[in-house]
Amino acid sequence: QTLGLATTTLSLHAPSQIASAIKSRAGERQFDVMISMVGQPGAEAAITAVNSLLAQRVDGLIVNIPLEREHVEAVQATCGNVPVLFLDVSPTVAANHIVTDAESGARLGVDHLVVLGHRHIALLAGPENSVSARLRLEGWRRSLAQHQLAPFALMRGDWSSLSGYQQVSLLLHSGTQPEAILVANDQMALGALRAINEAGLCVPQDISVIGFDDTEDSACFIPPLTTIRQDFRQLGEASVDGIIKLIHHEEKLTVLQPVSLVERKTTA
Ligand code: IPT
């Protein structure tokens, strides 16, 4: 039997590690995986990707494309009787989903920095069209507010390391220096580390940095990155096991995947 994976660009580390974990688990369970990758965000591209997988007669679909509520319903309708599981949607949608606990992830990061004594905390968020970027940003804002803090600065990148480099360079050149930066993913954190280094500042002595993802390279950044870990292998396993259950007529699947703080060398 065959699973379809409709995914956002695999040139980003997180989606490619998720796809790899899905492929491995599917193999263990004697399922093939067909992949359809979207070039741009939005519901239209997602529906085209899903249709191309349905045309190849997949038995179930995993969708790792950011989708807002109304678009989830549109994709769901496109799938008809073929079960579908979403990975990048709000945990409040009714459709089957396994999503990372962005709220807890954001809180773990903020609390860690506050305990270290930081008050001037800047945020480097992901792109506006991403559901997970929005949920992480909302989580940071709420957690900061619980400590009576407002964001010291807010930047937006596009998940790429280059965008993280550019955003943090601009911030530091403007003469604003936060005590810490919360970054919405590890790739942008990599760029942030370079920008801080080029400004003649040291991580973590001058500025602390926390990422989000714990992708495979993050332990080898200079210095090794403190980050919020999403367990991609476990996510892949849970998605494949989950969609197989749905194929076997299990009713409903809504899971909030836990995250954890991995303390390395970029916070002090
Ligand atoms: C999310 C990653 O955390 C982020 O780094 C980026 O790669 C993004 O995907 C791309 O869409 S993980 C996703 C399952 C919410």
Side-chain angles (χ1 to χ4, degrees), residues 5-22 35-43 45-46 49 61-68 71-72 84-93 95-106 108-109 123-140 156-164 167 182-192 209-218 221 225 227-240 242-243 254-262:
L5 170 63
T7 180
T8 194
T9 177
L10 293 172
S11 64
L12 289 170
H13 295 175
S16 76
Q17 287 180 24
I18 292 167
S20 165
I22 286 174
I35 296 182
S36 179
M37 188 177 95
V38 298
Q40 72 244 40
L61 274 154
I62 300 173
V63 179
N64 183 19
I65 299 171
L67 288 169
E68 297 293 345
H71 299 145
V72 170
V84 53
L85 178 63
F86 295 91
L87 306 187
D88 195 352
V89 295
S90 160
T92 60
V93 302
N96 297 310
H97 61 260
I98 301 183
V99 296
T100 297
D101 189 350
E103 184 75 29
S104 303
L108 285 171
L123 307 177
L124 173 47
E128 227 135 353
N129 57 28
S130 159
V131 175
S132 54
R134 174 165 53 73
L135 295 173
R136 289 170 203 178
L137 178 57
E138 285 170 6
W140 283 334
R156 267 192 190 278
D158 65 5
W159 295 129
S160 71
S161 50
L162 187 63
S163 72
Q167 291 299 312
L182 283 162
V183 187
N185 77 339
D186 288 4
Q187 287 189 266
M188 293 194 296
L190 176 63
V209 174
I210 303 190
F212 201 113
D213 278 345
D214 198 25
T215 36
E216 274 189 36
D217 300 335
S218 310
F221 290 2
L225 187 70
T227 189
I228 306 299
R229 177 177 169 78
Q230 308 196 60
D231 191 331
F232 293 125
R233 178 161 302 276
Q234 196 183 308
L235 179 61
E237 287 176 4
S239 316
V240 170
I243 192 70
T254 58
V255 178
L256 203 54
Q257 274 277 119
V259 292
S260 55
L261 172 71
V262 180

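Each ligand, and each atom within it, is numbered from 1 in the order the structure gives.
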Nitrogen or oxygen atoms of Asn185 and ligand 1 under 3.5 Å apart: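 N/O-N/O distance under 3.5 Å: yes.
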Spell out, as yes or no, whether a donor-acceptor pair under 3.5 Å connects the side chain of [X] to the backbone of [Y].
{"X": "Ser161", "Y": "Leu190", "result": "no"}
{"X": "Ser20", "Y": "Ser16", "result": "no"}
{"X": "Arg156", "Y": "Gly126", "result": "yes"}
{"X": "Thr227", "Y": "Phe212", "result": "yes"}
{"X": "Ser130", "Y": "Pro127", "result": "no"}
{"X": "Asp186", "Y": "Thr215", "result": "yes"}

Return yes when [X] approaches ligand 1 closer than 4.0 angstrom through a heavy atom, no otherwise.
{"X": "Ile18", "value": "yes"}
{"X": "His13", "value": "no"}
{"X": "Gln257", "value": "no"}
{"X": "Trp159", "value": "yes"}

Winner among Ser130, Gly105, Ala189, Ala14 once heavy atoms are compared against atom 9 (O) of ligand 1: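 That would be Ala14.
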Looking only at heavy atoms, is any part of [X] under 4.0 Å from ligand 1, and if so is it the side chain, the backbone, or both, or is it neither?
{"X": "Arg136", "answer": "side chain"}
{"X": "Asn64", "answer": "side chain"}
{"X": "Gln187", "answer": "neither"}

Atom CD of Glu216: over 12 foreign heavy atoms under 6.0 Å: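 Result for CD/Glu216: open.
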Under a 4.0 angstrom heavy-atom cut-off, which atoms of ligand 1 come close to [X]?
{"X": "Ser132", "answer": "15 (C)"}
{"X": "Thr8", "answer": "11 (O)"}
{"X": "Asp88", "answer": "11 (O), 15 (C)"}

Around [atom], find the nearest protein heavy atom and jot down its residue, atom name and distance.
{"atom": "atom 12 (S) of ligand 1", "answer": "Gln230 NE2, 3.6 Å"}
{"atom": "atom 4 (C) of ligand 1", "answer": "Asp213 OD2, 3.6 Å"}
{"atom": "atom 7 (O) of ligand 1", "answer": "Pro15 CD, 3.3 Å"}

Residue pair Ala102 / Leu135: nearest heavy atoms and the distance that separates them: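 Here Ala102 and Leu135 meet closest at CB-CB, 3.8 Å.
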Glu138 and Arg134: CA distance, side-chain angles, deciding distance, salt bridge (charged side-chain N to carboxylate O under 4.0 Å, His left out) verdict: CA-CA 6 Å; Glu138 285 170 6; Arg134 174 165 53 73; 3.6 Å; yes
NE2 on His13 to CG on Asp213, rounded to 0.5 Å: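 Going from the CG atom of Asp213 to the NE2 atom of His13 covers 10.0 Å.
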